[in-house]
Structures are given as C-alpha cells and as structure tokens.
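Data first, discussion second: the structure below is written as structure tokens.
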Protein chains: 2
Amino acid sequence: MAKSEKTWSAGPLRIRVTTDVPESAPRERLTRERIVDVALAQMKERGYEAVSMRSIAKELGTGQASLYAHVANREELDQLVVDRIAALMPHPEPDPERWDEQVVDFLHDALAIYREHPGSARAAMGMIPTMPGALRNAEDLMGICLAGGVPEQYASWACDMFALYVGAVAVEEDIWADRLRTGPEGRSYSEEAVVAAVREHFAALPPEQYPILSSLAEVMTTGTGEERFDFGVRLLVAGLKAVSQRS
Amino acid sequence: MAKSEKTWSAGPLRIRVTTDVPESAPRERLTRERIVDVALAQMKERGYEAVSMRSIAKELGTGQASLYAHVANREELDQLVVDRIAALMPHPEPDPERWDEQVVDFLHDALAIYREHPGSARAAMGMIPTMPGALRNAEDLMGICLAGGVPEQYASWACDMFALYVGAVAVEEDIWADRLRTGPEGRSYSEEAVVAAVREHFAALPPEQYPILSSLAEVMTTGTGEERFDFGVRLLVAGLKAVSQRS
DNA sequence: GCGAGATGACGAACGGTGTTCGACTCGAAC
DNA sequence: GTTCGAGTCGAACACCGTTCGTCATCTCGC
C-alpha cells in the first residue's frame with residue numbers, strides 16, 4: 001500500500017490527511033518521447049486530423065494540461081514529430097560517379113518514410129529545418145549534390161526545392177488518404193475508384209471548350225503515385241544537370 | 001416606408017399583424033458571390049487562419065447558419081475561392097517557337113495571383129481541378145506544352161507537377177506571412193530579419209557535424225523569394241526539355 | 001385579394017479544437 | 001521534518017465547423 005496525502009484549506013486553516021491507497025498505477029513518468037510516440041501512432045492509425053492534444057492525453061491516461069509541461073504547443077509537437085521521422089533517413093556516402101542516382105534514391109527514401117508515417121508530412125509543412133534530424137538530411141543531400149559538381153548556389157536552391165517537392169507530394173497523398181478514410185457513409189472508396197471518377201469527369205467535359213483535357217483524360221490519369229513521383233524526381237535531377245552544365 | 005409582417009401562432013390560432021418599418025437596411029440578398037468576396041477580402045487582410053464561417057457571417061451582418069443556404073460547407077467555400085482567383089489567369093495563345101518561355105511566364109503569373117490573394121493557396125491545397133477556372137488553366141498549360149512538342153504523357157505529368165510546385169511555394173510564403181503577421185509581441189518581424197536569423201543559425205552550427213551547412217550559410221540564404229522561384233521554374237522547364245528529348 | 005407552400009435567414013446549441021489558470025501532489029534537498 | 005519546485009490535471013476560455021428548429025418573406029395558384 002502506498003500513502004496518499006490530501007491537503008485543503010478552509011480560510012486560514014490548512015488541513016492535511018494521509019490515507020492508504022492501492023498500489024495500482026506505476027504511473028510511468030510523462031516525457032517528450034512518450035508524447036511523440038503516441039502522436040505518431042495516432043497519426044498512422046487515424047490520420048493527421050484525428051490527432052489532438054486531447055486524444056494524446058487520453059491515450060496517455062492524463063489531462064491535456066500535463067502535456068504542456070513537456071511541449072510548448074502544438075507547433076512544437078509537430079516539430080518534434082518531424083524530427084523523429086527525419087532521423088529515420090539513411091546517410092549515404094557521396095559517390096561523385098553516380099550522384100544523380102543518389103539524389104533520386106534519397107528522395108524516394110524520403111517519400112517512403114513520409115508514407116510509413118502518415119500525417120507527418122502535414123506537420124512538416126512550412127517548417128524551416130532547425131532540428132538535428134532535418135539538418136542532418138539537408139547536410140547529406142547537399143553533400144551529394146556538391147560531390148556531383150553542382151555549383152554551390154544551384155545546389156542550395158535545388159535542395160530546398162527537392163524538399164519542397166517531396167513534402168508537397170506527401171501532403172497531397174495524405175489529404176487524399178484522409179478523405180478516403182472518411183469516405184461518404186462508411187464504406188470508404190478505393191483509390192482506383194477515385195482515379196476512375198476523375199478520368200470520367202475529364203472525358204465528359206465539353207470538347208469544344210476543353211479539347212485537350214477531354215481527349216487526354218486517359219493519359220492524364222495514367223500512372224500510379226509511385227510512377228508519377230519517379231517521373232517528377234527524374235525531371236528535377238535532369239533539370240539540375242541541365243542548368244549546372246549551362247553555367 | 002416598407003411593410004413588415006409578423007405572424008405567430010398560439011395553439012390553433014394564427015395571428016398576423018402588418019406594421020410599417022423604417023426603410024433602413026436594403027438588406028442586400030445573400031449570394032455565393034458576396035460570400036466569396038468577403039472570404040477573399042478577409043484572407044487578404046488578416047490571413048487564411050483568421051477567416052471562418054463566423055467572421056464572414058459577422059461582416060455580412062448575418063448569422064453563420066445563413067451561409068449554409070448558399071455554400072455546402074467550408075470545403076466548398078474554399079473551392080469557390082480558388083475558382084474565383086483561378087479565373088484571373090491570362091490565356092496566352094500557344095506559340096511553338098517559345099513554348100518554354102511561355103511556361104515560365106505562366107507559372108510566374110500563377111504565383112503572382114496567389115500572392116495578390118494571400119490565403120488562396122492554402123485553400124487550393126489537395127484540390128483536384130474540377131471547377132471551370134482551374135480546368136481552363138490546366139487546359140491552357142497543357143496546350144502550351146503540347147504545342148512545344150512535349151509528349152502527351154510527359155506533358156500531363158509535368159503540368160501536374162508545375163501546379164504542385166507553384167502551389168507549394170505559395171503555401172510556404174503564406175504560412176510565413178501569417179507568422180510574420182502574428183509576430184511575437186506586436187511588432188512583427190521583417191522578412192530580412194528572419195532570413196538573417198536563419199543564416200546566423202546555420203553559420204553557428206558545429207562545423208565538425210555540419211561542415212557544409214555551416215560554411216555555406218551565406219549561399220543557402222541568398223536570394224529573394226522571386227529569384228528562388230524563378231530558379232525553380234527554369235529548372236523544371238529545363239528538366240522537361242531534357243526528358244522529352246531523351247525519348 | 002387571399003391562403004399555402006417554398007425558400008432564405010438566423011439564434012442557439014453541439015461537439016470538437018488549442019491553450020491557460022489555479023489548485024494540487026509528491027519526491028528530493030536542506 | 002519541512003519546504004519547495006516540478007509535474008499533474010480538472011475546469012474553463014475562446015475559438016472552430018456544422019445542424020436544428022423557428023421565423024420572415026416572397027411567390028404562386030386560386
């Protein structure tokens with residue numbers, strides 16, 4: 001049995017009573033780490049929108065206010081979440097011979113990690129990398145580009161752009177996933193169903209007003225997310241090569 | 001003087017009384033257009049986050065519930081806002097000789113319009129173009145690329161990517177603008193102050209862990225938003241040329 | 001001219017959000 | 001032993017999007 005103290009005051013009086021209490025909850029101490037753990041788990045399970053200070057506190061068996069002893073606010077929590085998953089990135093050794101393929105792989109890895117942790121992308125939006133995890137990745141990506149002979153200025157701007165692109169793709173996929181999750185009336189749509197619907201919508205447009213969109217409906221809705229992303233990444237790398245050589 | 005009718009029922013009785021009322025409020029009828037007008041104005045003035053169904057209703061001198069007679073929900077309102085500003089885009093005649101410059105100009109115009117209407121970019125996030133305004137722009141951009149000889153499949157994916165990039169840049173600038181607006185303790189920071197702070201932060205990193213970031217702090221924080229965006233756009237177009245010719 | 005029905009307007013409320021306040025508990029140091 | 005500060009937490013505040021039921025007004029058929 002453990003002891004529990006209760007104190008209360010009535011006017012100038014202070015009364016204290018000690019009672020015995022069943023040794024129930026070892027009551028693991030709240031820490032930043034545990035809070036971030038729960039936030040990540042909930043994002044993965046129910047989507048970014050479903051995560052709130054309340055839901056986190058509830059799962060930890062505590063009150064919302066307790067969280068604020070460890071985390072300044074929601075924004076800082078988001079930063080911590082992002083930094084946590086940023087730390088999952090690999091750290092390839094720059095190889096000047098195949099720097100372009102290394103960049104492609106790096107970006108694919110980044111998207112894969114975003115995908116493994118749904119919701120994290122939205123937390124990362126508009127965030128300047130200042131925490132260790134994100135900084136490490138920026139350093140690595142810059143290293144690859146510089147090793148490949150990309151001029152410093154171009155490498156700087158391009159890395160910025162790469163991060164923006166991967167983030168934007170991840171956010172879009174995430175918003176989409178949330179919408180599918182909360183499909184109208186229970187039974188959530190499948191991804192293919194949505195793509196098919198968009199294709200039909202394009203195909204059904206009046207050809208006199210939208211000759212291209214209506215006739216290219218098929219082409220425009222072709223490709224999995226993976227294929228489209230790969231195209232984008234290779235386009236970026238090809239572009240960086242082109243503008244680098246030109247100078 | 002106008003007439004005002006008041007009806008009420010007491011049990012089975014229905015009583016109606018007509019009174020004269022001062023012709024005060026012409027009480028302009030609520031319409032989608034007026035709602036969108038106010039939403040846009042408020043976004044411009046106080047940022048995306050400050051706009052709510054409540055704030056719109058208040059400015060229109062009505063209750064929140066009234067808005068829902070004209071707009072299904074917040075998401076539809078956002079769509080209408082986006083469609084409104086999408087209609088502001090010019091419609092250039094495709095010129096095969098200088099299709100690349102046309103794409104560059106088109107994207108610059110798009111960002112300029114996002115900038116003129118702060119907040120609109122965030123409303124556009126994750127939105128599949130289905131309304132007239134956005135469709136028109138997709139059609140135009142596709143037309144320019146196809147006229148330039150870009151293969152259909154590449155043009156489709158690239159246009160998608162262009163829109164994503166412009167949107168992402170606009171959203172980032174917007175989040176930033178909101179943060180500056182709500183600067184810590186009244187006096188809002190200037191943009192230069194933030195850039196300088198980031199530069200110092202990078203420069204102050206431990207060189208043994210972050211040799212590149214710490215030494216390139218200056219280069220990485222160089223360039224106005226406009227210069228960086230222009231670099232990105234030209235990189236994209238160069239990339240599209242490269243992958244197109246390769247096939 | 002009058003009654004009935006449709007439609008728009010709207011106050012109040014519901015369940016959610018992030019955040020703050022003040023009271024409380026409790027372990028460790030003096 | 002007592003004090004003190006850090007951690008805990010219930011309750012509340014000010015928001016948010018949305019819905020309900022009621023009321024006002026306008027239009028149409030008679």
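In what follows, every heavy atom counts, from backbone to side chain, and hydrogens, waters and symmetry copies are set aside. What you see is a predicted model, and the numbers here were worked out from it, not measured in a lab. The chains referred to below are lettered A, B, ... by the order of the sequence lines, with proteins before strands, and numbering in each begins at 1.
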Result block: side-chain N/O donor-acceptor pairs under 3.5 angstrom for residues 169-176 of chain A, not counting sequence neighbours:
residue  : atom : partner  : partner atom : Å
A/Glu173 : OE1  : A/Arg115 : NE           : 2.9
A/Glu173 : OE2  : A/Arg115 : NH2          : 2.7
A/Asp174 : OD1  : A/Gly119 : N            : 2.9
A/Asp174 : OD2  : A/Gly119 : N            : 3.3
A/Asp174 : OD2  : A/Arg122 : NE           : 3.3
A/Asp174 : OD2  : A/Arg122 : NH2          : 2.9

Throw together a table of side-chain donor-acceptor distances under 3.5 angstrom for residues 124-139 of chain A, partners on residues two or more places apart or in other chains.
residue  : atom : partner  : partner atom : Å
A/Arg136 : NH1  : B/Gln209 : O            : 3.1
A/Asn137 : ND2  : A/Ala86  : O            : 3.1
A/Asn137 : ND2  : A/Gly133 : O            : 3.4
A/Glu139 : OE1  : B/Leu213 : N            : 3.0
A/Glu139 : OE2  : B/Ile212 : N            : 2.8

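Smallest separation of non-hydrogen atoms from A/Arg228 and A/Tyr165: O-OH, 4.0 Å. When all heavy atoms of A/Met53 and A/Asn73 are compared, the pair lying nearest together is CE-C, 4.3 Å.
Atoms CZ (B/Arg46) and P (D/dC15) sit 11 Å apart, rounded to a whole Å. Atom C1' of nucleotide D/dG10 and atom NZ of A/Lys58 are separated by 16 Å, given to the nearest angstrom. Atom CD1 in B/Ile56 sits roughly 16 Å away from atom P in D/dC15 (whole-Å rounding). For the pair A/Met53 CE and D/dC15 C1', the interatomic distance rounds to 16 Å; values are reported in whole Å. Whole-Å rounding puts the A/Glu59 CD to D/dC9 C1' distance at 18 Å. Distance A/Glu49 CD to D/dG17 P: 13 Å, rounded to the nearest Å. Protein atom CD1 of B/Ile35 is 13 Å distant from nucleotide atom P of D/dG17, rounded to whole Å.
For D/dG17, one of the phosphate oxygens OP1 or OP2 lies less than 4.0 angstrom from a side-chain nitrogen or oxygen of B/Ser52.
Counting distance only, with no hydrogens placed and no angle test, the side-chain atoms of A/Arg54 and the base atoms of C/dG18 include a donor-acceptor pair under 3.5 Å.
Secondary structure note: stems in DNA chain C built from 3 or more consecutive Watson-Crick or G-U wobble pairs under 3.5 Å occupy C:1-30 with D:1-30.
A donor-acceptor distance shorter than 3.5 angstrom exists from the side chain of A/Glu227 to the backbone of A/Thr224, with no hydrogens or angles considered.
In terms of the side-chain contact (heavy atoms from CB on, under 4.5 Å) criterion, residue partners of A/Arg46 (sequence neighbours excluded) are, by chain and number, A/Gln42, A/Ala50, A/Ser55.
Note that the CG atom of A/Leu88 and the CG atom of A/Asp109 stand 11.0 Å from one another [nearest 0.5 Å].
Sorted by first then second residue, the side chain to side chain donor-acceptor pair (under 3.5 Å) pairs that include residues 80-89 of chain B, not counting sequence neighbours, are B/Asp37-B/Arg84.
A/Arg181 and A/Glu49 are not joined by a salt bridge, as no carboxylate oxygen comes within less than 4.0 angstrom of a charged side-chain nitrogen.
If you check residues 63-74 of chain A against DNA chain C, the residues with a heavy atom closer than 4.0 Å are A/Gln64, A/Ala65, A/Tyr68, A/Asn73, A/Arg74, listed by number.
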